[in-house]
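Chain letters run A, B, ... following the sequence lines, proteins first and then strands; every chain starts at 1.
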2 protein chains.
Amino acid sequence: MDVTSDTLEPLHLAGCANVAPVLNRVGDKWSMLIVMVLATGSRRFNELKREIDGISQRMLTRSLRGLERDGLVSRTVTPTIPPRVDYELTELGHSLRLPVKALGDWAIEHIDCIREAQKRYDARESEG
Amino acid sequence: MDVTSDTLEPLHLAGCANVAPVLNRVGDKWSMLIVMVLATGSRRFNELKREIDGISQRMLTRSLRGLERDGLVSRTVTPTIPPRVDYELTELGHSLRLPVKALGDWAIEHIDCIREAQKRYDARESEG
DNA sequence: CAGAATCCATGTTGATACTG
DNA sequence: CAGTATCAACATGGATTCTG
């Protein structure tokens, strides 16, 4: 079976094993938000922290490390005092924006439909 | 700012709030795997359990409930003895396949690149 | 400024046993 | 067959404190 099949058949199991880690990163709480911000240009650590509302220092560090490890973000240290560290999307990071945007557009397009389904479900739940 | 902007600008904060729950479901361990299987046709509970390697009964139940609540999967009970329950994708569920496939294709296309980046990162880590 | 280290609350997943 | 209930293990996320 061809992994790069462009039909809408389900991904076979080997394919899923490859896709899972990506889905995992995409699905985590902060990574895609960071990618979205870096999509507009490089940022320093505290710039990101200020722009991404609610993220803790710890999670920003961890998420950036994860993105760097996956080759989606590059980290450039300028050893001045105080130190300066710039983060920016790699080419790979930029290429991820398109499929993620497709998903984001889907979400925005169907969010009302989803919320209504949830309301109906919850209503049925609470009544019995 | 228009939520449905089709540029590649970062999603604004309100947009992200809408996208987050979808990313959350897409990113969870089993939901998209279930969607992939159901994409080929409806299944009974234990058929899904057999086809999705490694999923526990509990997680299959929970994932299906989540998908049902979001309106992505429909659940049809036939009250025979033994009971029969069929799951299938709703129209909304089917519409999600395209953007998820885009992401899956991206993953498959770049998995080697990612793995190499991870190796390089881990190598740098371990040496210091 | 850019983090590392620590501790803790919470959420997620899985194994097991039981049920209509 | 298609679940529910319970418990334990682990992962995730956040607050706080400290450092070169």
Exercise for review: Decide yes or no on side chain to side chain contact (heavy atoms under 4.5 Å, CB included) for B/Leu72 and B/Arg25, but give the supporting numbers first.
Suggested key: CA-CA 11 Å; B/Leu72 299 171; B/Arg25 179 149 310 291; 3.9 Å; yes

Would a 4.5 Å heavy-atom cut-off, applied to side chains only, mark B/Asp28 and A/Leu23 as touching? no

So the contacted stretch of DNA chain C, first to last nucleotide with an atom under 4.0 Å from a non-hydrogen atom of chain B, runs from C/dT13 to C/dG20

Connected via hydrophobic side-chain network under 4.5 Å: B/Leu89 and B/Ile55: yes

In whole angstroms, the gap separating C1' of D/dC1 from CZ of B/Arg50 amounts to 10 Å

* With a 4.0 Å cut-off on heavy atoms, is A/Lys29 in touch with a base, just the backbone sugar-phosphate, or nothing at all? -> sugar-phosphate

5' to 3', nucleotides 15-20 of chain D under a 4.0 Å protein heavy-atom cut-off (B base, S sugar-phosphate only, - none) gives B-B--B

Would you check if the side chain of A/Ser63 reaches a backbone N or O of A/Leu60 as a donor-acceptor pair within less than 3.5 Å? no

Are B/Ile81 and B/Val77 linked, directly or through intermediate hydrophobic residues, by side-chain heavy-atom contacts shorter than 4.5 Å (ILVMFWY only)? no

Considering just the side-chain nitrogens and oxygens of B/Tyr87, establish if one lies under 4.0 Å of OP1 or OP2 belonging to D/dC1.
no

On a heavy-atom basis, the closest approach of A/Asp86 and A/Ser42 is OD1-OG, 4.4 Å

Between CD1 of A/Ile52 and P of D/dG13 the distance, given in whole Å, is 14 Å

Q) Do B/Trp106 and A/Leu98 come close enough that some side-chain heavy atom pair is under 4.5 Å? A) no

Rounded to whole Å, CE of A/Met59 lies from C1' of D/dT12 at a distance of 7 Å

query = Quick one: does A/Arg75's side chain have a donor or acceptor within less than 3.5 Å of a partner on A/Val73's backbone?
reply = no

Atom CD of B/Glu47 and atom P of D/dG3 are separated, to the nearest Å, by 13 Å

**Prompt:** Can you get from B/Leu92 to A/Ile111 by hopping between Ile, Leu, Val, Met, Phe, Trp and Tyr side chains that sit under 4.5 Å apart?
**Reply:** no

Whole-Å distance, B/Asn46 CG to D/dG3 P, equals 9 Å

**Message:** So A/Arg44, base contact, sugar-phosphate only, or nothing? Heavy-atom distance under 4.0 Å.
**Reply:** sugar-phosphate

Is B/Tyr121 reachable from A/Leu38 through a run of hydrophobic residues whose side-chain heavy atoms are each under 4.5 Å from the next? no

In whole angstroms, the gap separating P of D/dA2 from CZ of B/Arg84 amounts to 8 Å

From CG of B/Leu64 across to C1' of D/dT4 the rounded distance in Å is 15 Å

Rounded to 10°, the angle between the first-five-pair and last-five-pair axes of the helix from C/dC1-D/dG20 to C/dG20-D/dC1 is 40°

- Task: Could you go through the side chain to side chain contact (heavy atoms under 4.5 Å, CB included) check for B/Val26 and B/Val35 one step at a time?
- Result: CA-CA 10 Å; B/Val26 168; B/Val35 169; over 6 Å; no

Rounded to whole Å, the CG-P distance (A/Asp28 to D/dT12) equals 9 Å

